[in-house]
Amino acid sequence: MLNFQFIPEKRAKCNMCNIGMSSMLLPCYEGVKVYTFHTLGSSFLDSEFWDEGLNSGTLEKIIPKEEKLKCALVVSFDGQETAAEIYRDLSIRQEEPFAFGGYFAGEDNQMFLDCGDHSERLIPRACGVLITGGNVVAASVVIRGQTLKEITVGLEKLKSYNLPEKNAVCLMFSCVGRRRTKKEVEIYQSMFPNIPLAGCTGYGEFGIDYCTDSKKDQSSANKRLKTETQVLHGFTSIYVMISSRN
């Protein structure tokens with residue numbers, strides 16, 4: 001039976017309003033740590049990052065410096081560029097690359113919180129989950145094509161990483177404009193019958209092709225990923241698989 005850690009609803013006070021955060025249930029595995037955050041901004045203030053305890057600061061303060069990031073999941077509300085900024089900031093904090101994926105939820109899903117003064121309307125720009133731990137194995141792949149062959153080839157690449165299936169879960173972030181999402185899910189289920197799949201559709205996706213257990217030369221991978229600006233995509237599907245060696 002899975003054990004779960006409960007990240008409760010928290011509220012941040014800002015003048016005359018409260019900002020509520022949803023709760024979530026995440027499996028507890030030995031050697032796996034999960035950090036959540038959201039970032040707030042306004043038209044006049046720079047964005048601030050907040051952790052699940054609503055401690056404000058930079059990403060470096062939210063995730064301990066000694067923790068090596070294995071996977072980052074991001075949902076953006078005010079444009080894909082926000083996700084690119086978060087990816088850049090996370091890449092700066094450590095040498096090792098990490099699996100990365102997420103989607104643009106759209107401005108229609110954005111909350112504008114009026115704090116009584118129109119000059120201080122808070123805007124939730126993004127939220128995310130950062131996963132660390134020595135037992136974590138994670139991979140992310142970007143599937144750009146929409147033919148059955150291209151989808152199959154992309155999922156075969158994910159399969160080739162050979163992540164442990166016992167404690168694995170896979171997240172799929174797909175564009176609303178893709179035509180064969182149902183068939184794509186069926187292909188996934190035929191290739192990964194023992195790994196549950198969850199996810200959602202959005203108006204833009206972000207991710208990279210990477211596996212934390214890749215046998216490729218790390219230095220060349222670091223150089224490529226740190227200079228790679230094309231983490232933003234359209235009409236794609238991003239798969240992020242997370243597993244534990246336990």
Side-chain angles (χ1 to χ4, degrees), residues 22 24 36-39 41 71-91 97-112 123-131 138-161 163 168-193 195-211 224-225 227-243:
S22 298
M24 65 176 65
T36 65
F37 71 89
H38 67 278
T39 175
C71 179
L73 306 171
V74 177
V75 179
S76 173
F77 299 103
D78 71 341
Q80 290 179 288
E81 292 76 13
T82 298
E85 293 172 8
I86 294 174
Y87 174 77
R88 179 201 62 205
D89 291 346
L90 290 172
S91 297
F98 48 89
F100 181 74
Y103 73 106
F104 173 42
E107 295 179 355
D108 291 342
N109 296 319
Q110 192 178 56
M111 296 182 297
F112 294 88
I123 304 171
R125 298 185 64 202
C127 61
V129 176
L130 309 176
I131 302 175
S140 54
V141 297
V142 181
I143 298 181
R144 297 172 176 82
Q146 299 191 51
T147 67
L148 297 183
K149 180 178 180 180
E150 289 170 320
I151 294 170
T152 301
V153 169
L155 289 174
E156 284 177 345
K157 181 175 184 178
L158 182 62
K159 185 86 172 176
S160 70
Y161 290 138
L163 269 66
V169 64
C170 189
L171 300 174
M172 173 186 179
F173 306 104
S174 186
C175 179
V176 295
R178 285 179 73 85
R179 303 185 303 271
R180 293 183 170 180
T181 303
K182 181 179 179 181
K183 187 63 179 178
E184 193 169 337
V185 171
E186 291 175 354
I187 296 174
Y188 171 89
Q189 291 173 331
S190 67
M191 296 178 65
F192 301 93
I195 302 179
L197 177 69
C200 48
T201 57
Y203 300 94
E205 309 77 54
F206 15 95
I208 59 173
D209 292 308
Y210 185 71
C211 178
R224 177 178 64 84
L225 291 174
T227 58
E228 186 178 36
T229 58
Q230 190 54 38
V231 298
L232 309 180
H233 309 281
F235 298 99
T236 61
S237 286
I238 310 294
Y239 289 81
V240 181
M241 188 171 289
I242 308 162
S243 184

Residue pair [X] / [Y], side-chain heavy-atom distance below 4.5 Å:
X: Val185; Y: Met172; value: yes
X: Ile242; Y: Val240; value: yes
X: Val169; Y: Met241; value: no
X: Phe77; Y: Phe104; value: no
X: Leu163; Y: Cys211; value: yes

Who are the side-chain contact (heavy atoms from CB on, under 4.5 Å) partners of [X], not counting sequence neighbours?
X: Ala99; result: Cys71, Ala138, Ser140
X: Ala72; result: Leu69, Leu90, Phe98, Phe100, Leu130
X: Thr236; result: Val142, Arg144, Glu205, His233, Ile238

Give me each pair satisfying salt bridge (Lys or Arg N to Asp or Glu O under 4.0 Å) with a member in residues 171-183, each pair once, sequence neighbours excluded.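 Listed by first then second residue: Arg178-Glu184, Lys183-Glu186.
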List in chain and number order the residues that pass side-chain hydrogen bond (donor to acceptor under 3.5 Å, both in side chains) with [X], two or more places apart in sequence or in another chain; answer none if no residue qualifies.
X: Ser174; result: Ser237
X: Gln189; result: none
X: Ser190; result: none

For Cys170 and Leu158, work out which heavy atoms get closest and say how close.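 Smallest heavy-atom distance, with atoms named: SG-CD2, 4.3 Å.
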Using every non-hydrogen atom in the two residues, find where Val75 and Ala105 come nearest and quote the distance to one decimal.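 For Val75 and Ala105, the tightest heavy-atom pair comes out as CG1-CB, 3.9 Å.
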Look up atom [atom1] in [X] and atom [atom2] in [Y], then write down how far apart they are to the nearest 0.5 Å.
X: Thr82; Y: Leu232; atom1: OG1; atom2: CG; result: 10.0 Å
X: Lys149; Y: Glu156; atom1: NZ; atom2: CD; result: 10.5 Å
X: Leu171; Y: Cys200; atom1: CG; atom2: SG; result: 8.5 Å
X: Tyr188; Y: Thr152; atom1: OH; atom2: OG1; result: 14.5 Å
X: Leu155; Y: Ile143; atom1: CG; atom2: CD1; result: 4.0 Å
X: Tyr203; Y: Cys175; atom1: OH; atom2: SG; result: 9.5 Å

Strictly distance-based, threshold 3.5 Å: is any side-chain N or O of Lys159 a donor or acceptor partner for the main-chain N or O of Met191?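 Indeed, once roles are kept as given, a pair shorter than 3.5 Å links the two residues.
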Donor-acceptor side-chain pairing of Thr147 and Glu150 below 3.5 angstrom: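 Distance-only check passes for Thr147 and Glu150.
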Taking only residues two or more places apart in sequence or in another chain, which ones pass ring pair (Phe, Tyr, Trp, His ring centres under 6.0 Å) with Tyr103?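 By the ring pair (Phe, Tyr, Trp, His ring centres under 6.0 Å) rule, Tyr103 matches Phe173.
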